[in-house]
Protein chains: 2
Amino acid sequence: MRSYDEYCAAARALDVVGDRWTLLIVRELALQGPCRYTDLRNGLPGIATNLLAQRLRELERAGVVAREEAPPPIATTLFRLTARGEELRPVLAELVRWGMPLMTEPRPADAVRSRWLAWALEFMLTDRDPARPPTVIELRTGDEQIAVEAGGGAVHVRLARAEHPDVTLSGPPMPIMGVVLGLLDVAAAGSHGVTIDGDPRALARVGGPGAPAAPADVI
Amino acid sequence: MRSYDEYCAAARALDVVGDRWTLLIVRELALQGPCRYTDLRNGLPGIATNLLAQRLRELERAGVVAREEAPPPIATTLFRLTARGEELRPVLAELVRWGMPLMTEPRPADAVRSRWLAWALEFMLTDRDPARPPTVIELRTGDEQIAVEAGGGAVHVRLARAEHPDVTLSGPPMPIMGVVLGLLDVAAAGSHGVTIDGDPRALARVGGPGAPAAPADVI
DNA sequence: CAGCATCCGCTTTGATACTG
DNA sequence: CAGTATCAAAGCGGATGCTG
C-alpha cells in the first residue's frame with residue numbers, strides 16, 4: 001500500500017495493516033494459530049493466491065508474521081503471528097464488537113466459517129445466571145460444531161462437539177446467532193429454519209449486550 | 001469497496017470502514033467534531049477531492065456520518081459522526097496504541113498535525129507522581145500548541161496555549177514525542193533539535209508505557 | 001470560496017492458468 | 001503444497017473545470 005505520509009499513529013498503523021485482506025489474514029492467524037498457506041486460503045474465501053503471497057511477504061517484512069519451515073513429519077511452511085502481530089488482537093476485537101450489529105443483515109451469498117462465529121460469540125456472550133450449575137449449548141451451523149459453555153460467571157466458546165449439551169441448535173448461521181445472543185425469540189426461531197433439541201430454557205443462560213432481560217422465559 | 005462476502009463481524013466491519021482513507025476520515029471527524037468539507041481536506045493531506053466526496057457519501061449511506069446544512073451565519077454543510085460513527089472510537093484507539101511504536105521511525109516527508117500528536121499522547125501518557133501538585137507541559141511542534149496537564153493521577157492533553165507551563169518543548173515532532181513519552185533522554189534531546197525552556201524535571205511527571213522508571217532524573 | 005464532478009494515466013486487485 | 005505468471009477490470013491520484 002502506498003503510505004499515507006502522515007506522522008500519526010493511526011495512519012502509520014494503516015500503512016502496515018490497512019491494505020485489502022491484510023487484517024483478515026491476521027484474523028485467520030489469530031484464530032487458527034500457526035498454519036499453512038493452504039489453511040489460510042481456506043479461511044479467506046475469494047482471495048487471489050498471488051495477493052495472499054504478496055501480503056504474507058509484506059507482513060513478514062513488517063514484523064507481524066513469521067514463516068518457519070516445519071521439520072518432518074510436517075515438512076511444510078508454517079505461518080504464524082509474531083509477538084508484534086499478537087498485539088493486533090485488541091484491534092480485531094474492537095472491530096468485531098463494532099461489526100456485530102452488521103451481522104443481522106441477511107446476505108445469503110456470504111461464506112461461513114464456524115470459527116468466525118465462535119470468535120464473535122466469545123466477545124459478546126455473558127453468563128446471565130452465574131449462581132446456577134454450568135450450562136452447555138451446542139451450535140450446528142457452518143463447517144464445524146461450536147460448544148458454548150457457561151458457568152461461574154464466565155462463558156467459553158470452543159470449536160468442538162459438546163459432550164452432554166443441555167440444548168442443541170441446528171440451522172442457518174444468522175438466526176442461530178440471533179437466538180444465542182438473545183435477539184431472536186426462541187419461539188420465532190423455528191420459522192427461520194432453526195431446530196432446537198433439548199431444553200430451550202438453557203438458552204436463557206447466556207446473552208449478548210443488546211438482549212432483553214430474559215428472552216427465553218417468554219416460552 | 002467490494003464486499004468480502006463473509007459472514008464474519010470483522011469482515012462486515014471492514015466492508016464499511018476498510019476502504020483506503022475511510023478510517024482516517026472518521027479520525028478527523030472524531031478529533032475535530034462536526035466540520036466542513038474543507039476542514040476535512042486540510043486534515044487529510046494527499047486525499048483526492050473526488051475520493052473524499054465519494055467516501056463521505058458511502059459513510060453517510062452506512063449510517064456512520066451525517067451531513068447537516070448549518071443555518072446562517074455559518075451557512076455551510078457540516079459533516080459529523082452519528083452515534084454509530086462515535087462507536088468507532090475504540091477501534092481507532094486500539095489502532096493508535098498499536099501504531100505508536102511506528103512513530104519512532106523517522107520519515108521527514110510526513111505531514112504533521114498537532115491534533116494527531118495530542119490524540120496519541122492522550123492514550124499513552126500517565127501521571128507518574130499523582131501526589132505532587134499539578135504539572136503543565138507545553139509542546140510547540142506541528143501547526144498548533146499542545147498543553148499537557150498532569151495532576152491527581154490523570155493526564156489531559158489539549159490543543160491550546162498553556163497558561164503557565166512548568167516547561168516548554170519546541171522542535172521537530174519525533175524527538176518531542178520521544179522526550180514526553182520518556183523514550184528519549186532529556187540530555188540527548190538537544191542534539192535532535194529540541195529546545196527546552198523552564199524546568200526539565202517537570203518532564204519526569206508524565207510518561208508512556210515503555211518508559212524507564214525515571215528518565216529525567218538522569219540529569 | 002465551498003463542494004463537488006469529470007477526465008486520464010497509473011497502480012492495485014481479481015481470476016485463472018501454470019510450476020517446482 | 002506453496003507459490004509465480006499473466007492479463008483484464010476496478011480503484012486511486014492528480015489535474016482541471018463547474019456551480020451556487
Side-chain angles (χ1 to χ4, degrees), chain A residues 1-6 11 14-25 28-29 32 34-62 65-80 109-111, chain B residues 1-6 11 14-25 28-29 32 34-62 65-80 109-111:
Chain A
M1 163 178 277
R2 186 176 161 159
S3 169
Y4 287 110
D5 287 337
E6 293 183 1
L14 290 173
D15 279 348
V16 177
V17 297
D19 261 319
R20 185 160 167 80
W21 291 108
T22 302
L23 269 179
L24 294 188
I25 293 172
E28 284 308 307
L29 290 168
Q32 299 194 34
C35 58
R36 300 169 302 170
Y37 191 87
T38 308
D39 303 324
L40 287 173
R41 263 194 11 184
N42 185 267
L44 299 162
I47 196 173
T49 174
N50 57 349
L51 213 46
L52 176 54
Q54 182 185 326
R55 291 287 183 270
L56 285 170
R57 263 193 310 264
E58 293 163 354
L59 286 171
E60 206 183 340
R61 274 204 32 180
V65 163
R67 102 174 44 202
E68 55 193 51
E69 301 299 328
I74 308 182
T76 185
T77 314
L78 287 181
F79 298 88
R80 61 173 183 81
D110 278 2
Chain B
M1 163 177 280
R2 187 170 163 177
S3 169
Y4 287 110
D5 287 337
E6 294 184 0
L14 290 173
D15 279 349
V16 177
V17 298
D19 259 319
R20 185 160 167 80
W21 290 109
T22 303
L23 269 179
L24 295 187
I25 293 172
E28 284 307 308
L29 290 167
Q32 298 195 34
C35 57
R36 299 171 301 168
Y37 190 87
T38 308
D39 302 325
L40 286 173
R41 263 200 3 190
N42 185 264
L44 299 161
I47 195 173
T49 172
N50 58 345
L51 213 47
L52 176 54
Q54 183 184 326
R55 291 288 184 269
L56 285 170
R57 259 193 314 256
E58 293 162 354
L59 286 171
E60 204 182 342
R61 275 203 32 181
V65 162
R67 99 175 49 202
E68 55 193 49
E69 302 298 328
I74 309 182
T76 185
T77 314
L78 287 181
F79 298 89
R80 61 174 184 81
D110 279 4

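Throughout, a chain's letter reflects where its sequence line sits, starting with A, and its residues are numbered from 1.
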Rounded to the nearest 0.5 Å, how far apart are CG of B/Leu52 and CG of B/Leu24? 11.5 Å
To the nearest angstrom, how far is B/Leu44 atom CG from C/dC4 atom P? 15 Å
Send over the distance from B/Leu56 CG to C/dC4 P, rounded to a whole Å. 7 Å
Pair A/Thr49-A/Tyr37, side-chain donor/acceptor within less than 3.5 Å: yes
Rounded to whole Å, the CZ-C1' distance (B/Arg57 to C/dG3) equals 11 Å
In whole angstrom, what separates B/Arg55's CZ from C/dA5's P? 14 Å
Can you tell me how far P of C/dC4 sits from CD of B/Glu58, to the nearest Å? 14 Å
Measuring from the side chain of B/Leu51 (C-beta onward, heavy atoms only), which nucleotide among D/dC12, C/dG3, C/dA15 has the closest atom? D/dC12
Check this for me: B/Arg41, atom CZ, are more than 12 non-hydrogen atoms of other residues, nucleotides or ligands nearer than 6.0 Å? no
Quick check: any donor-acceptor pair below 3.5 Å linking the side-chain of A/Asn50 to the base of D/dT6? yes
Let me know the distance between CG of B/Leu40 and P of C/dA2, rounded to the nearest Å. 13 Å
Taking atom OH of A/Tyr4 and atom CG of A/Asp15, what is their separation to the nearest 0.5 Å? 7.5 Å
Measure the distance from CG on B/Leu52 to P on D/dG11 and round it to the nearest whole Å. 18 Å
By nearest-nucleotide position on DNA chain D, the 5'-leaning member of B/Arg2 and B/Gly46 is B/Arg2
Quiz item: A/Thr49 side-chain donor-acceptor pair to D/dG3 base, under 3.5 Å: yes
Just to be sure I understand the rule, does B/Ala53 reach a base, reach only the sugar-phosphate, or reach nothing, if contact means heavy atoms closer than 4.0 Å? sugar-phosphate
Give the rounded distance in Å between these two atoms: CD1 of A/Ile47 and C1' of C/dT16. 15 Å
NA contact type, B/Thr38, heavy-atom cut-off 4.0 Å: base, sugar-phosphate, or nothing? sugar-phosphate
OP1 or OP2 of C/dT13 sitting under 4.0 Å from any side-chain N/O of B/Arg20? no
A/Arg41 has its side chain closest, among C/dT13, D/dC12, D/dG3, to D/dG3
Report yes if the side chains of A/Arg55 and A/Thr22 come closer than 4.5 Å at any heavy-atom pair, otherwise no. yes
Side chain of A/Gln54 only, please: which of C/dA5, C/dT13, D/dG14 is the nearest? C/dT13
Look at A/Trp21 and C/dT12 and indicate whether a side-chain polar atom (N or O) is within less than 4.0 Å of OP1 or OP2. no
Nearest to side-chain heavy atoms of B/Asp19, which nucleotide of D/dC1, D/dG3, D/dC12: D/dC12
